[in-house]
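Keep in mind that this is a model prediction, so the values were computed, not measured. Just so it is clear, the values below take in all heavy atoms, side chains as well, and ignore hydrogens, waters and symmetry mates. Sequence positions, counted from 1, serve as the residue numbers for this chain.
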Amino acid sequence: MPKIEFCVLGPLQLGDEGRRVHLRSSRQQVVLAALLLSANRMVPVESLITAVWDDHPPDGARHQIHNCVWMLRRRLRDIGVAEAEITGYPAGYAIHLSEWRLDAAVFERRLGEARGLAAMGQVTLAAARLRSALSLWQGPPLSGVPGRIMQREAVQLTERRLSAQEDWIDLEIALGRSAEVTAELYRLIAEQPYRERPRAQLMLALHRSGRTAEALATYRQTRRLYIDELGLEPSPLLKDLEQAILRGDRSLWHTSSVQPPLRHGALGAGYPLDAPGATA
């Protein structure tokens, strides 16, 4: 498999693992990041200008973008990045490279493979594929790359990571590893305190680990947080789960997912513990 040579799932970096290079020029960082996020597709010059200067481009912005691309091409040659070419078009530029050389593309491919495995009941393999996808992350995406457009892109990438983590936790619970994922859930909730799905997953994992009192306490703490800081009651997702725990609903021992699949990436609405492939 070709080596990853472009990284956006963390600081923007170039080069093979073990000799990663950071671009010093913030302008080059933004232009390269914009091209990588639309790899193998043409990015209009106007979009690059907006990414670099937001709504306040200077005179001669197109010429500066042209110079920036020229310097990026030279930089790619100097560090020996293979099979990556920035091509100019009348209306813009595109970076052409194999998807295996961009960490975000590899991440998405592995997510797709995990979805396929889960759909076939290969729960253990799906969980392993998700772990492999999540291992590509090296911190906040595009960290250090300036600009409003890049911040928006970073938010979208972060959402993909969070959804993948939650999908992985669903699969781990399905495999009977509730106790093992509680620490990860506490960390995820600390990072995203208002996100409901990890809180529901924590309630389910605690209940299935024999820690029902803690599961119910988690609901009460969540309800107080939402009312005090958001002025909202928890959604039916959390309310229904609390009631199911209180009445000792046996179905909670035979489900792995606390909500219907997400539009972008949730792996399923529940997997039996004896799913085919669970020992692979």
Side-chain angles (χ1 to χ4, degrees), residues 4-17 19-79 81 84-99 101-108 111 133-134 136-165 191-195 264-265:
I4 292 174
E5 293 181 319
F6 296 90
C7 299
V8 297
L9 304 181
L12 178 65
Q13 299 179 90
L14 319 177
D16 290 342
E17 187 175 0
R19 58 182 187 92
R20 300 288 192 211
V21 174
H22 299 263
L23 294 173
R24 295 181 180 178
S25 165
S26 60
R27 190 176 303 168
Q28 289 181 32
Q29 290 177 11
V30 173
V31 170
L32 181 59
L35 294 174
L36 289 172
L37 292 172
S38 296
N40 300 312
R41 302 194 303 272
M42 193 270 290
V43 180
V45 171
E46 294 303 321
S47 296
L48 295 174
I49 290 173
T50 301
V52 173
W53 291 287
D54 291 335
D55 298 323
H56 306 285
D59 294 337
R62 295 180 68 91
H63 181 68
Q64 292 188 49
I65 291 294
H66 174 76
N67 288 342
C68 183
V69 169
W70 181 83
M71 289 185 287
L72 278 173
R73 287 169 172 157
R74 187 176 66 177
R75 186 72 170 131
L76 294 179
R77 288 195 300 269
D78 289 346
I79 65 176
V81 174
E85 178 183 358
I86 300 177
T87 303
Y89 297 91
Y93 296 93
I95 187 167
H96 296 283
L97 69 162
S98 163
E99 66 175 8
R101 300 191 182 278
L102 175 61
D103 60 354
V106 176
F107 174 73
E108 291 295 335
L111 290 188
L134 291 167
L136 295 168
W137 286 75
Q138 303 175 64
L142 300 171
S143 57
V145 181
R148 173 175 52 85
I149 301 297
M150 290 300 106
Q151 291 175 358
R152 185 185 68 195
E153 295 289 348
V155 168
Q156 294 174 355
L157 287 169
T158 298
E159 176 61 32
R160 296 294 289 152
R161 174 182 64 81
L162 292 170
S163 293
Q165 285 181 288
E191 177 186 349
Q192 299 284 333
Y194 304 122
R195 200 173 175 93
H264 297 296

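- The two residues L9 and F107 come nearest to each other via the heavy atoms CD1-CB, 3.8 Å.
- Within the structure, no pair that satisfies the ring-ring contact (aromatic ring centres under 6.0 Å, His included) test touches residues 138-161, not counting sequence neighbours.
- Listed by first and then second residue, the salt bridge (Lys or Arg N to Asp or Glu O under 4.0 Å) pairs involving residues 39-53 are E46-R62 (not counting sequence neighbours).
- Distance check, rounded to the nearest 0.5 Å: NE2 of H56 to OG1 of T50 gives 11.0 Å.
- When all heavy atoms are compared, the tightest approach of Y93 to G88 is CD2-CA, 3.6 Å.
- Every residue two or more places apart in sequence or in another chain that forms a side-chain contact (heavy atoms from CB on, under 4.5 Å) with P44 is listed here: M42, S47.
- In this structure, the separation between CG on L72 and CD1 on I95 is 8.0 Å, given to the nearest 0.5 Å.
- Q138 and P11 make their closest contact through O-CD, 4.1 Å (heavy atoms, listed as atom of the first residue, atom of the second, distance).
- Of the possible polar contacts, none joining the E5 side chain to the R101 backbone as a donor-acceptor pair under 3.5 Å is found.
- Legend: residues meeting salt bridge (Lys or Arg N to Asp or Glu O under 4.0 Å) with R161, ordered by chain and number and at least two apart, are E191.
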Give the C-alpha distance, both sets of side-chain angles, the deciding distance and a yes or no for side-chain hydrogen bond (donor to acceptor under 3.5 Å, both in side chains) between Q64 and R27.
CA-CA 9 Å; Q64 292 188 49; R27 190 176 303 168; 2.7 Å; yes

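- Every side chain to side chain donor-acceptor pair (under 3.5 Å) that E108 has, sequence neighbours left out, goes to R160.
- Annotation: side-chain contact (heavy atoms from CB on, under 4.5 Å) contacts of S26 (sequence neighbours excluded): P146.
- Applying the ring-ring contact (aromatic ring centres under 6.0 Å, His included) rule to pairs touching residues 22-53 yields nothing, sequence neighbours excluded.
- Closest of all the heavy-atom pairs between V43 and S38 is CG2-CB, 3.7 Å.
- Take H63 and apply the side chain to side chain donor-acceptor pair (under 3.5 Å) test, not counting sequence neighbours, and it matches N67.
- Here the SG-CZ distance, from C68 to R73, works out to 11.0 Å after rounding to the nearest 0.5 Å.
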Which is it for E159 and R195 under the salt bridge (charged side-chain N to carboxylate O under 4.0 Å, His left out) test, yes or no, and what are the steps along the way?
CA-CA 11 Å; E159 176 61 32; R195 200 173 175 93; 2.9 Å; yes

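- For D59, the CG atom is loosely surrounded, since the number of other residues' heavy atoms within 6.0 Å does not exceed 12.
- Distance check: Q151 CD to Q156 CD gives 12.5 Å after rounding to the nearest 0.5 Å.
- In this structure R152 satisfies the salt bridge (Lys or Arg N to Asp or Glu O under 4.0 Å) test with no other residue, sequence neighbours excluded.
- Interatomic distance, C7 SG to L14 CG, rounded to the nearest 0.5 Å: 8.5 Å.
- A51 and V30 get closest at one heavy-atom pair: O-CG1, 3.4 Å.
- Pairing each heavy atom of F6 with each of L97, the nearest pair is CD1-CD1, 3.4 Å.
- Rounding to the nearest 0.5 angstrom, the gap separating the CD1 atom in I4 from the CD atom in Q13 is 11.5 Å.
- Remark: A105 engages E99, L102 in a side-chain contact (heavy atoms from CB on, under 4.5 Å) (not counting sequence neighbours).
- Residues that satisfy the side-chain contact (heavy atoms from CB on, under 4.5 Å) test with W70, not counting sequence neighbours, are R74.
- Legend: residues meeting salt bridge (Lys or Arg N to Asp or Glu O under 4.0 Å) with D55, ordered by chain and number and at least two apart, are R148.
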